[in-house]
Amino acid sequence: MGKPDASLLATIPPFRKLDPAQIGEILDFAVSGAIEGGGTIFEEGARAERFYLLLDGHVRVMRVTLGGDQVIVLHIAAGQLFGIAAALGHTEYPATAMAADPCLVLSWPNRHWQDFTTRYDGFATETYRTVGQRIGEMNDRVVEMATQQVEQRVARALLRLIGQTGRKSGSGIEIDFPITRQDIAEMTGTTLHTVSRLLSAWERKGVVASARRRITVTDPHRLVLLGGAEA
DNA sequence: TCATTAAAAGTTT
DNA sequence: AAACTTTTAATGA
């Protein structure tokens, strides 16, 4: 467990307003860790003892349905806190967090949460803002599931991914971590076969380009139209 | 419209 | 070679 660099934290929203001395205090309590791609950070139902900050990489948050199907709830990008429902009063993690690619995380015991929110200006407001955004996104998806056709759901899932974790490449915006058709199926409530067929069709139209575990959206505007309301 | 099943081919380790 | 990912097609709800 190495000591992370204070400058890493200074740019991250919940800590942006803090001075170097305060960041030093926070780091004194932090434990840092590296998780390899595919590794689990915490499991659904496990006792929640820590909350986490993702410094680098991408985290997939997953839950298992009553029927035993795995569902991807959302993805976390670098700079975001996660595993914080526990700090907000839950005793167990409501979902599993898995590293989508190699990740660097900091974590703190939950008992520091109170101190952080009261002592550090901006910590509470910034984290509540991101929590609010996530809840909003999840609500949108519930509506989508009930009202939109599969093609629109997949199109919108891709748009969200490039919005949150997209990286500009030569030919468009690439999803910045490895993602399979199965993953997208788990995000949109369909099957990998349907996702594969949709992506193939879109690739023929020049809207996306994909390789194994890599997807680039080459024509985001067309994809917005595909995700639009019309049937 | 979409899931399921099956089969085949490509990729990575 | 084995494991994993992707594509395609046929069938049926």
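A note on names: the letters A, B, ... follow the listed sequences, proteins ahead of strands, and every chain is numbered from 1.
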Peer 1: If you look at every strand shown and take non-hydrogen atoms under 4.0 Å, does A/Arg212 touch a base, only sugar-phosphate, or nothing?
Peer 2: base
Peer 1: Is the closest basic N to carboxylate O distance between A/Arg134 and A/Glu137 below 4.0 Å?
Peer 2: no
Peer 1: Rounded to whole Å, please give me the gap between CZ in A/Arg213 and P in C/dC4.
Peer 2: 11 Å
Peer 1: Roughly how many Å is it from CG in A/Leu199 to P in C/dT7, rounded to a whole number?
Peer 2: 7 Å
Peer 1: Regarding A/Thr180, tell me which of base, sugar-phosphate or nothing describes its non-hydrogen contacts under 4.0 Å with the strands shown.
Peer 2: sugar-phosphate
Peer 1: In whole Å, I'd like the distance from the CZ atom of A/Arg181 to the P atom of B/dT4.
Peer 2: 19 Å
Peer 1: Over how many whole Å does the gap from A/His193 atom NE2 to B/dA8 atom P extend?
Peer 2: 15 Å
Peer 1: In this structure, how many angstroms lie between the P atom of B/dT1 and the CZ atom of A/Arg153, rounded?
Peer 2: 13 Å
Peer 1: Reckon A/Ser200 touches a base, only the sugar-phosphate, or nothing at all at heavy-atom distances under 4.0 Å?
Peer 2: sugar-phosphate
Peer 1: Rounded off to whole Å, could you give me the CG-to-P distance for the A/Leu198 and B/dT1 pair?
Peer 2: 11 Å
Peer 1: Nearest whole Å is fine: how far is C/dT6 P from A/Ile179 CD1?
Peer 2: 10 Å
Peer 1: Using only side-chain N and O atoms of A/Ser196, determine if any of them is under 4.0 Å from OP1 or OP2 of C/dT6.
Peer 2: no
Peer 1: Got a salt bridge between A/Glu25 and A/Arg119, using NZ or NE/NH1/NH2 to carboxylate O under 4.0 Å?
Peer 2: yes
Peer 1: Under 4.0 angstrom, heavy atoms only, what part of the nucleic acid is A/Arg197 near: base, sugar-phosphate, or nothing?
Peer 2: base
Peer 1: What does A/Leu192 touch in the nucleic acid at a heavy-atom separation under 4.0 angstrom: a base, only the sugar-phosphate, or nothing?
Peer 2: base
Peer 1: Where does the angle between the aromatic ring planes of A/Phe116 and A/Phe15 fall among parallel (under 30°), tilted (30 to 60°) and perpendicular (over 60°)?
Peer 2: perpendicular
Peer 1: Measuring from A/Glu174:CD to A/Leu161:CG, what's the distance to the nearest 0.5 Å?
Peer 2: 12.0 Å
Peer 1: Is a salt bridge present between A/Glu186 and A/Arg60, judged by a nitrogen-to-oxygen distance below 4.0 Å?
Peer 2: no
Peer 1: Reckon A/Gln182 has a side-chain N or O less than 4.0 Å from the OP1 or OP2 of C/dT5?
Peer 2: no
